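What you are looking at is a predicted structure, and each value in this text was computed from that prediction instead of being measured.
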Amino acid sequence: MLQLKRSSIVNEAKDWKEIGVELPQFDFEQVAKNTIEKPQWVHFGAGNIFRAFVANAHQKLLNQGRAETGIIAAKTYDFEMIDRLNKPYDNLTLLVTMKANGSFEKTVINSIVDTIAADYNRKDEFNRLVGIFENPGLQMASFTITEKGYTLTNPAGQFIGIVEKDFENGLDSPVHAMSIVTALVYRRYRKGQYPMTFVSMDNCSHNGDKLKAAVLTIAKEWLKRGHVEEGFIAYLEDEGKITFPFTMIDKITPRPSEKVKEALLDQGIMDMDIIVTPKNTYTAPFVNAEVSEYLVIEDKFTNGRPALEHAGIIFTDRETVNKIETMKVTTCLNPLHTALAVSGCLLGYTLIADEMKDETLRKFVEMIGYQEGLKVVVDPEIISPKAFLDEVLTERFSNPYIPDTPQRIACDTSLKVGIRFGETLKSYVNREDLNPADLTAIPLAIATWCRYLLGIDDEGKPFTLSPDPQLETLKAAFEDVSLGDRTSNIKLILSNETIFGVKLYEIGLGEKIESMFYEMLAGPGAVRRTLEKYIIMDKAKVDVR
């Protein structure tokens, strides 16, 4: 039996290769030594997309001899993962790339040199991070901590409790991820005002600005309280020293699959257990992922950067990053994902791939993408929107070997609908030749989300809603509402411009969405009947034309 340990991939390399596992092709000991002496890259948030995509891209550079140092991973949350995952497996990851034909490729990722808890209660580890940030050779800190990781305020705009405490406590005991990062970069400022770049790789619009705003907010609050010098603010705002480039990332890395785990065990790889931490993080020594992957980065670095263009990463200007991100998030992927998520939860699906076998749901997302979205899509030119959308629908969502669930994608929908649907609605409003009131699939998706918020599926059975920071407020609009009931406070939700980014009633969609919602609420089976009614009706219009 093989173990995912560094000693095993060295001493039993032949056995690993015999079962089709690609192994690292560089001298890890030398890379580790170089990294300790001159750290260049620290990454916050060592989750699945980082391990399967970003770390793999850097490993390609190491294999090619285009890099001499590895990545240091830092965790600001769920520290138990270090003791249960990172340390026992020597920071290795077994990447399992799932193909639509059922085959999969296996690669051991060994580019992560160390994983450190960014926790001031673990003094030794926190001091190691301080030393890394004080090293003049550090080029960048990157992040995959989700959009929530940059959020300092609650939905009412008030600073959340741990952030308020961080403001008062200063640099010695930060808790919030952004406070920890700000404290570390202050040490770098004090050491020598060395340049470096902060790269958010999270799947959210203008991620670089979100990261910059969070760091600057904390720094300015600390300045008010005398915790930092005024020159620190100037340092953070000096783009000759510090930059926060925009990025667009796209790769599906769902929760670890039991089927993949069993397949690996059958091949003789032991200790592939799926781990669930007290913070409800699902992880494993392996990551199952789709083949498709995109990472586009604004090429704005102040202290050098890894040559990731040799590993398939695209470097370009900010405008092009924005266009690609807008294309994906507002038209060609994310709106489709959200529509499948909320409809799938209502119709009892647990896999996105199974939803794509449902003719009604497939036509639903095709309408959102091809029929309604491409009319106003932002074309970045270096990637074709139509080709990207084709790949999403025919290969990515339909891949039965990617165990991605509507329940996962339905998380935090209240934070997403304004971008995923609202931006397209704005484009329709701004075009003289288009009328948002003529749309069908997008308002239907919004109505489906509202129906989802009841927590009652299409058979009339209760189900658990996915986590959402505004969930309690949203659910209150449907308190005591049941199937067949036509009384609700749905107007409170649909009138909330903060959620949707537009005034739905002023652009002729509020009443339409209400009507669709009440049709879905009529009784058991009404969700499917309503979806079929509008999708088939709209398809018939297209066929007639």
Side-chain angles (χ1 to χ4, degrees), residues 41-47 49-50 72-79 81 115-122 125-126 129-130 132-134 138 140-190 196-229 232-239 241-247 249 279 281 412 415 469:
W41 185 353
V42 61
H43 181 89
F44 290 87
I49 197 165
F50 165 71
I72 299 162
K75 294 196 66 64
T76 60
Y77 175 81
D78 218 352
F79 302 120
M81 285 180 62
T115 305
I116 301 174
D119 180 3
Y120 70 91
N121 290 313
R122 301 191 188 194
E125 291 184 76
F126 197 82
L129 267 179
V130 169
I132 290 165
F133 270 78
E134 290 180 340
L138 183 64
M140 74 169 177
S142 57
F143 301 80
T144 51
I145 58 175
T146 77
E147 186 170 2
K148 289 184 289 187
Y150 310 106
T151 302
L152 306 181
T153 58
N154 61 24
Q158 303 163 324
F159 289 116
I160 56 180
I162 61 169
V163 172
E164 289 276 15
K165 288 181 180 178
D166 284 347
F167 289 163
E168 298 304 323
N169 294 336
L171 289 84
D172 294 329
S173 55
V175 176
H176 192 281
M178 293 294 95
S179 304
I180 292 167
V181 171
T182 308
L184 289 167
V185 73
Y186 184 66
R187 262 61 171 225
R188 186 171 183 83
Y189 160 78
R190 290 294 302 273
M196 70 174 295
T197 296
F198 293 83
V199 186
S200 170
M201 297 179 178
D202 278 298
N203 181 20
C204 55
S205 179
H206 294 178
N207 46 22
D209 280 352
K210 286 181 168 61
L211 173 55
K212 181 178 182 178
V215 170
L216 273 170
T217 297
I218 292 165
K220 289 176 180 178
E221 292 294 332
W222 279 348
L223 177 63
K224 291 178 186 176
R225 293 160 176 78
H227 295 312
V228 301
E229 302 170 9
F232 181 48
I233 308 301
Y235 169 71
L236 291 173
E237 293 179 330
D238 181 356
E239 292 197 343
K241 295 285 183 66
I242 302 293
T243 54
F244 299 84
F246 285 10
T247 70
I249 193 165
K279 301 288 188 182
T281 300
D412 305 329
L415 300 178

Any chance you could lay out the salt bridge (charged side-chain N to carboxylate O under 4.0 Å, His left out) test for Glu221 and Lys224, step after step, and finish with the verdict? CA-CA 5 Å; Glu221 292 294 332; Lys224 291 178 186 176; 3.2 Å; yes
**Study point:** Test side-chain contact (heavy atoms from CB on, under 4.5 Å) applied to Tyr120 and Ile180, step by step
**Key:** CA-CA 9 Å; Tyr120 70 91; Ile180 292 167; over 6 Å; no
For the pair Lys220 and Glu237, evaluate salt bridge (charged side-chain N to carboxylate O under 4.0 Å, His left out) and give the outcome as yes or no after the intermediate values.
CA-CA 12 Å; Lys220 289 176 180 178; Glu237 293 179 330; 3.8 Å; yes
Does the side-chain contact (heavy atoms from CB on, under 4.5 Å) test come out yes or no for Ile160 and His176, once each step is laid out? CA-CA 10 Å; Ile160 56 180; His176 192 281; 4.1 Å; yes
* To do: Determine, stepwise, if the pair Asn207 / Phe244 fulfils side-chain contact (heavy atoms from CB on, under 4.5 Å).
  => CA-CA 9 Å; Asn207 46 22; Phe244 299 84; over 6 Å; no
request  = I would like to know whether Asp119 and Phe126 meet side-chain contact (heavy atoms from CB on, under 4.5 Å); could you show each step before the answer?
outcome  = CA-CA 6 Å; Asp119 180 3; Phe126 197 82; 5.8 Å; no
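Using modelled atom types, one side-chain atom of Lys210 and one backbone atom of Ser205 make a donor-acceptor pair closer than 3.5 Å. A distance-only check finds a donor-acceptor pair linking the side chain of Thr144 to the backbone of Gly45 [under 3.5 Å]. Between the Thr243 side chain and the Glu239 main chain, no donor and acceptor come within less than 3.5 Å of each other. Remark: the backbone N or O of Gln158 is paired with a side-chain donor or acceptor of Asn154 at under 3.5 angstrom. Remark: side-chain polar atoms of Thr247 are paired, donor with acceptor, to backbone N or O of Ser200 under 3.5 angstrom. The main-chain N or O of Glu168 is found under 3.5 Å from a side-chain atom of His227 such that the two form a donor-acceptor pair. With hydrogens and angles disregarded, a donor-acceptor distance shorter than 3.5 Å links the side chain of Glu125 to the backbone of Ala117. Asp238 places no side-chain N or O within donor-acceptor distance of the main-chain N or O of Ala234, the cut-off being under 3.5 Å.
Remark: Phe44 CZ to Leu211 CG distance equals 10.0 Å, nearest 0.5 Å. With rounding to the nearest 0.5 Å, the separation of CE in Met196 from CG in Leu184 is 9.0 Å. Here the OG1 atom belonging to Thr115 is positioned 10.0 Å from the CD1 atom belonging to Ile72, to the nearest 0.5 angstrom. To the nearest 0.5 angstrom, Asn203 atom CG is 8.0 Å from Ile249 atom CD1. In this structure, Leu415 CG and Thr146 OG1 are separated by 10.0 Å, a value rounded to the nearest 0.5 Å. Note: Asp172 CG to Asp166 CG = 11.5 Å, rounded to the nearest 0.5 Å.
Trp222 and Thr182 share no side-chain donor-acceptor pair at under 3.5 Å. Looking at Asp202 and Tyr150, their side chains do bring a donor and an acceptor atom within 3.5 Å of each other.
Between Phe167 and Ile218, the closest side-chain pair of non-hydrogen atoms falls below 4.5 Å. You'll find the side chain of Arg188 reaches within 4.5 Å of the side chain of Tyr235, heavy atoms only. Between Thr217 and Lys212, every side-chain heavy-atom pair lies at or beyond the 4.5 Å cut-off. Phe246 has its side chain within reach of His206: a pair of non-hydrogen atoms, C-beta onward, lies under 4.5 Å apart.
Minimum heavy-atom separation, Val228 to Ala219: CG2-O, 3.6 Å. Listed here is the closest heavy atom pair of Leu236 and Ile242: O-CB, 3.9 Å. Nearest heavy atoms, Leu152 versus Val163: O-CG2, 3.8 Å. Smallest separation of non-hydrogen atoms from Pro469 and Asp412: CD-OD1, 3.3 Å. Of all heavy-atom pairs between Ala73 and Phe50, the closest is CB-CE2, 4.4 Å.
Checked against the 6.0 Å centroid threshold, Tyr186 and Phe232 count as a close aromatic pair. For His43 and Phe143, the ring centers are positioned 6.0 Å apart or more.
Atom CZ of Arg187 sits in a crowded spot, with more than 12 heavy atoms from other residues, nucleotides or ligands closer than 6.0 Å.
A salt bridge links Arg190 to Glu229: at least one charged side-chain nitrogen sits closer than 4.0 Å to a carboxylate oxygen.
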